[in-house]
Visitor: 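Right, I'll just put the structure down here and ask away after.
Labels below follow one simple rule: chain letters A, B, ... track the order of the sequence lines, proteins then strands, and each chain is numbered from 1. Basis for what follows: all heavy atoms, side chains included, without hydrogens, waters or symmetry-related copies.
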Protein chains: 2
Amino acid sequence: MTFQTIILQRQPAMPRPAMYLAETAQDALSTYAAGSEIYGQGELAGPLYAVEFGCVRIGRLTLEGKRQVCGFSFIGDVFGWESGREHRFFAEAVGVTGIRLLRPNRDAQAAAKLFPLVVESLTRFQEHLLVLGKTIVDERLAAFLCDLASRQANGARVELPMARNDIADYLGVSFETVSRILRRFRDQGLIRVPDIHSIEILDRAALEAICGREADSPPGGTSRINDFPVHSDEQTARSERRSK
Amino acid sequence: MTFQTIILQRQPAMPRPAMYLAETAQDALSTYAAGSEIYGQGELAGPLYAVEFGCVRIGRLTLEGKRQVCGFSFIGDVFGWESGREHRFFAEAVGVTGIRLLRPNRDAQAAAKLFPLVVESLTRFQEHLLVLGKTIVDERLAAFLCDLASRQANGARVELPMARNDIADYLGVSFETVSRILRRFRDQGLIRVPDIHSIEILDRAALEAICGREADSPPGGTSRINDFPVHSDEQTARSERRSK
DNA sequence: CCGGCTCCTTGACTTCCATCAACGAGCCCC
DNA sequence: GGGGCTCGTTGATGGAAGTCAAGGAGCCGG
């Protein structure tokens, strides 16, 4: 396995709440080789991980040996949440990747700081869930590209550090289909593919139309766990049945 | 719209962390008619909601008018997390459903108590995500049944308060396919369908084999945000490339 | 009781996509 | 440079599941 040459957006560390939890800046940073495992299924869970640079894929190996990727984490993202003692997923570096270990403190302040992050993570999974619910594969791929474009603030240029195989396992399609659809998008003039690991979006509106997106509304605002509007004991039977 | 006769597992409220946050037991409880909206897309977010009895579906209406259900919440589950100011999903009562409003306190203790709940919710979405990644629809339905069976501690009996349409939108298939596959499972002797809203699982092992499940490992244990095993700066290039 | 409604089932057809297969490109090491 | 490897592309084919359509089963109100 060779080192990938792409190092995605190496930028100064972002001023995120997660950073507050790192013990010291020096000893909590690890560099992972391309393809190396950050943690494996069944390993003991505990710390959280923040991506400093590069890209991480999170997924699971099924009993039949198939692989399903349930998410990618890019710079600034935090992953590693577990509700049990063990990791139910694996995490692997896609390219050369820098990871900062986050050690949650025992005091309650730590939970309050982590809260927005876990909710943001939840939001991501929910959104991806909707993508996987789509039956037309074009829509899934379009959604994937739009999502990447909005997460990477690179203008029309989108980096694809992961392999086609990873994208396929992420979108629940075969990697041949990924290849074919990218080609179709190219033929339709929606994208350009200057090299295998980057894509230039020529017609963002068209892509968003394909996957049924509204505007560019990136998740991850401020998490609100405070004041709330009381509306109690409503018996309203607004009961139109929504369907196709 | 008529009231459904099924009220799912009306039990004494479970001693869950969520309960600690309800203001008072009386005024925070609302009863919703079947099909009624608990909150809608675009509404202001704020409080959390705990299911006391019944069942809630959470989903989104896409621009094209299609509906995608991204989760069901049963008794004891907490929903309503949002990373932004607005709800990006709707929540509707499936049958007659009792909802307890949870008002998070401002103090940090609240976040610490809510933490396990949001991580549990995250876990559910992750698991469902893997289900949607499956290409064979039989596997999705088998996974759905197994999931319900493990969430409802009813032995082999599984209540299906939601419509076939809901299941279809949850699994990303057409409702005709749901019907067909349930029939096939019945013909194969895997399930019995005594009435339209309940299923008896005759061969749990076979169902779990179909969807590739290991043992019955219900999520929602104790969330660990504390001590962690330090393993810093590993450069190990354990780089087998996992694939199909 | 009958009509109207929603939900569910079943059938026929068609399309989309997974699979199998072959080949090319890039990379690395010997 | 040549061989071996992984990754990516493209083509051909079959099967799985969506779509269209019709009909049945409850449920309700008049």
Visitor: How many Å lie between CD1 on A:Ile136 and P on C:dA18, as a whole number?
Guide: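 My rounded result for the distance is 11 Å.
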Visitor: Rounded to the Å, how far apart are B:Asp138 CG and D:dG18 P?
Guide: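 Atom CG in B:Asp138 sits about 11 Å away from atom P in D:dG18.
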Visitor: Work out how much the helix from C:dC1-D:dG30 to C:dC30-D:dG1 bends between its end axes, five pairs an end, to the nearest 10 degrees.
Guide: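 The angle, to the nearest 10 degrees, is 30°.
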Visitor: Does any donor-acceptor pair link the side chain of B:Arg180 with the base of D:dT19 at a separation under 3.5 Å?
Guide: yes
Visitor: Figure out the CE/C1' separation between A:Met162 and D:dT6, and round it to whole Å.
Guide: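 It is 18 Å, rounded to the nearest whole Å.
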Visitor: Using whole Å, what does the distance between atom P of nucleotide D:dC7 and atom CD1 of A:Ile196 come to?
Guide: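 Rounded to the whole Å, the gap is 12 Å.
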Visitor: Examine C:dA18: is either OP1 or OP2 under 4.0 Å from a nitrogen or oxygen in the side chain of A:Thr177? Give yes or no.
Guide: yes
Visitor: With a 3.5 Å cut-off and no angle check, do the side chains of A:Arg88 and B:Gln126 form a donor-acceptor pair?
Guide: yes
Visitor: I want to check one thing: is the phosphate of C:dT10, taken as OP1 and OP2, less than 4.0 Å away from some side-chain N or O of B:Arg183?
Guide: yes
Visitor: Return yes if some donor-acceptor pair links the side-chain N/O of A:Thr62 with the main-chain N/O of A:Lys66 below 3.5 Å, else return no.
Guide: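 Confirmed, A:Thr62 side chain pairs with A:Lys66 backbone.
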Visitor: Do B:Phe89 and B:Phe79 have their ring centres less than 6.0 Å from each other?
Guide: no
Visitor: Closest nucleotide of DNA chain D for A:Glu176 versus for B:Arg140: which of these residues is on the 5' side?
Guide: A:Glu176
Visitor: Closest to the B:Thr135 side chain: C:dA18, C:dC8, D:dG18?
Guide: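 Of all the options, the side chain of B:Thr135 is nearest to C:dA18.
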Visitor: Pick one: which of A:Tyr49, A:Phe90, A:Tyr32 meets ring pair (Phe, Tyr, Trp, His ring centres under 6.0 Å) with A:Tyr39?
Guide: A:Tyr49
Visitor: Round to a whole Å and report the spacing from CG of B:Leu182 to C1' of C:dC8.
Guide: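 Atom CG in B:Leu182 sits about 11 Å away from atom C1' in C:dC8.
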Visitor: Give the rounded distance in Å between these two atoms: CG of A:Asn165 and P of D:dT9.
Guide: 12 Å
Visitor: Let me know the distance between CG of A:Asp195 and C1' of C:dG26, rounded to the nearest Å.
Guide: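 Result: 12 Å.
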Visitor: Please check if the distance between the ring centroids of A:Tyr170 and A:His128 is under 6.0 Å.
Guide: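 For A:Tyr170 and A:His128, the ring centres are under 6.0 Å apart.
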Visitor: Looking at A:Arg157 and A:Glu200, is any side-chain nitrogen of the basic one under 4.0 Å from a carboxylate oxygen of the acidic one?
Guide: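 Salt bridge flag = no for A:Arg157 with A:Glu200.
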Visitor: Find the distance B:Arg186:CZ to C:dT9:C1' and express it as a whole number of Å.
Guide: 10 Å
Visitor: Of the nucleotides D:dT9, D:dG18, C:dC8, which one has an atom closest to the side chain of A:Arg164?
Guide: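 Nucleotide nearest to A:Arg164's side chain: D:dT9.
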Visitor: For B:Glu43 and B:His87, which I'm curious about, is there any donor-acceptor pair between the side chains at under 3.5 Å?
Guide: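 Judged by distance alone, the side chains do not pair up.
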